[in-house]
Structures are given as C-alpha cells and as structure tokens.
Amino acid sequence: MNVVEVKNIKKKFGTNEIINDISFTVKKGETLVIIGPSGSGKSTILRCINNLEKIDSGNIIINGKKLIKEYKKDKPIYNNKDILKQINLETGMVFQNFNLFPHLTVKENIEEALKYVLKKNKNEIENISNNVLTKLGLTHKKDSYPCNLSGGQMQRVGIARCLALNPKLICMDEPTSSLDPELVGEVLDVIKKLAEEKKTMIIVTHEIKFAEEIADKILFMADGKIIEQGPPNNVIKNPQEIRTKQFLKRYTV
Ligand code: ADP
Ligand code: MG
C-alpha cells in the first residue's frame, strides 16, 4: 500500500520553476531518502507534502487522500478543510532547526499538540508523553527548556514531539545538519531505530553512509528534477547518471 503518491508535481516561486515534474511513491513501512545539492528543491518537496507550500500542478496523495480535489482552468483546487486537516494530522515533520517552542519545557513541547490539536484527555497525554520521553531517552530532561539542551537533545525532542502524534508518515528535513559533528550520531541512531520499526519516512539528508544503511529507496535530485532513483545498491553503490556520480564523489574518501 502506498502511503505517499507524488504525481507529476510542479512548483514555481515567481517565474522560477523549482520543482519540475516530480513523481515518486513511498509504501507503508518504507524509508525514502532524498539526496541532492543545495537548492535542488528537496525542502520544497517536503513542504509541499506537508501542505506548507502549494503546488501548481500534479497531485499529492497521502493514505489515499488527495491534497488537490480537482483542477479548474488549470488551477489546482485544494481539498476541503476537513480532509486537509486529516492529512495534516497523519503527516509529521521534523525540521533542521528543531522548531521547538522556546517558552515550553520538553514535556510541554511534546504535549502541546496532543492537548490542543488532538484534544486527548489528561491520562492519555501523560501516557503518550511518558512513552516517547522514554523511547527518546529524554525522561531526565522533561522539565528542561530548549535553551538548556544540547542540539542532539533538542532534535530528539523534535522527533519525540512528532512521534507523540503517531503520524502515518514522518518527513525529516536535514535532521542533523545543524548539529555539531559529535552530536550527529545520537540523532541518526534514533532515526535508524524508527526505520527498523518500519515507520514510513521521507528523509532529506547529506549523510550518505547513513542513507545507504537505512533507505529502502534513494532519490537523487538536482535542479528540481529526479535524476536517478532506486535502492541504495544502485543509486549510491552503482550510480548511472553523471550528475549522481559527481555529487557522490564529494562524499567518498
Ligand atoms: P534544497 O532543500 O534542496 O536546498 P529548497 O527546496 O530549499 O532546496 O529550494 C529550492 C529553490 O527554491 C532554491 O533556489 C530556493 O532559493 C528557492 N526557494 C525556496 N523557497 C522559496 C520561497 N519561499 N520563495 C522563493 N524562492 C524559494
Ligand atoms: Mg533544504
């Protein structure tokens, strides 16, 4: 079963074509890793999937629900609010810069959406937040504020907050790019576990070795287009396209 279907999407900012006819699918339990040079449109794709940006053409279907209901005179008409809300609840996002609420503690950051968006009761909230705090090794930090955490801990809170909502799809945009090198490992380990648990994920990263280890499928993009996609054994170990080879050269010693 496909959790995500991205069908021929295009996206312009002004007159600049940023996403130029991209299609891919992610099946339940799969991890898709998107790699590619800076400015190639990787974040924009994740933002379109999360409905943080609107697409100009094509469609995105998440768990069978379409973002775009129909086209009228070539203009996309997005689905009604209820469906978009459902899609939104089923799709989690982990950001490069964590996007934590600075005035809330770790526990409050995790519980915010459970309380105000999902409107869970007190017991449920307590159970869920305790579970994810334990899972992410953050129980001892539950009453700390983000400013008193290391970058690695902050990103683990970002991931915990996402998991608390039990999304059917998790998107991560360069989750380790703003971390000091010595803190990257602890976050990659968490993500690796999620992949082993067969969470459905789309991860943008420059950690090529990590991508090779955890991805079911790699998508290499440049200039808003998919240059090459397939299992890591093909795209990373045995790339066919010159642009993929050039890109990967920078990551091999
Ligand atoms: P990547 O994540 O691969 O580095 P992005 O998706 O962030 O690439 O950006 C792709 C291109 O789109 C870049 O040239 C960027 O400058 C441009 N872009 C991204 N967001 C906006 C925006 N909100 N307005 C105008 N241009 C944008
Ligand atoms: Mg980006």
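Since the structure is predicted, the reported quantities are computational estimates derived from the model, not experimental observations. Numbers for residues simply follow the sequence, beginning at 1. One-based numbering, in listed order, for ligands and for the atoms of each. Keep in mind that the numbers below use all heavy atoms, side chains included, and drop hydrogens, waters and symmetry copies.
- Inter-residue side-chain proximity for Phe210 and Val33 is flagged as unmet; no heavy-atom pair is nearer than 4.5 Å.
- Atoms of ligand 1 lying under 4.0 Å from any heavy atom of Pro37, numbered from 1 in the order shown and given with element: 3 (O).
- Less than 4.0 angstrom separates some heavy atom of Ser40 from each of these atoms of ligand 1: 1 (P), 3 (O), 8 (O).
- Summary of contacts: the protein heavy atom closest to atom 8 (O) of ligand 1 is Gly41 N, 3.2 Å.
- Surrounding CZ of Phe13 are more than 12 heavy atoms belonging to other residues, nucleotides or ligands, all under 6.0 Å away.
- Counting protein heavy atoms only, atom 14 (O) of ligand 1 is closest to Gly39 O, 4.2 Å.
- Near Ile18, meaning under 4.0 Å from any of its heavy atoms, are these atoms of ligand 1: 10 (C), 11 (C), 12 (O), 17 (C).
- Judged purely by atom type and a 3.5 angstrom limit, Glu228 uses its side chain to pair as donor or acceptor with the backbone of Gln240.
- One finds the CG atom of Asn59 at 8.0 Å from the OH atom of Tyr78 (value rounded to the nearest 0.5 Å).
- Distance screen at 4.0 Å: atom 16 (O) of ligand 1 has no protein heavy-atom neighbour inside the cut-off.
- Not a single heavy atom of Gly36 sits under 4.0 Å from any atom of ligand 1.
- The protein non-hydrogen atom at the shortest distance from atom 7 (O) of ligand 1 is Ser43 CB, 3.6 Å.
- Gln155 contributes no side-chain N or O that, together with a main-chain N or O of Gly152, makes up a donor-acceptor pair within less than 3.5 Å.
- Summary of contacts: the protein heavy atom closest to atom 19 (C) of ligand 1 is Phe13 CE1, 3.5 Å.
- Gln96 and Asp173 share no donor-acceptor pair across their side chains, judged by distance under 3.5 Å alone.
- Using modelled atom types, one side-chain atom of Thr105 and one backbone atom of Glu108 make a donor-acceptor pair closer than 3.5 Å.
- Using a 3.5 Å distance cut-off with no hydrogens or angles, the side chains of Glu111 and Ser129 do pair a donor with an acceptor.
- For atom 6 (O) of ligand 1, the nearest non-hydrogen atom of the protein is Thr44 OG1, 2.5 Å.
- Inclusion of Ser43 in the first shell of the Mg ion (ligand 2) is supported: an N, O or S atom falls under 2.8 Å.
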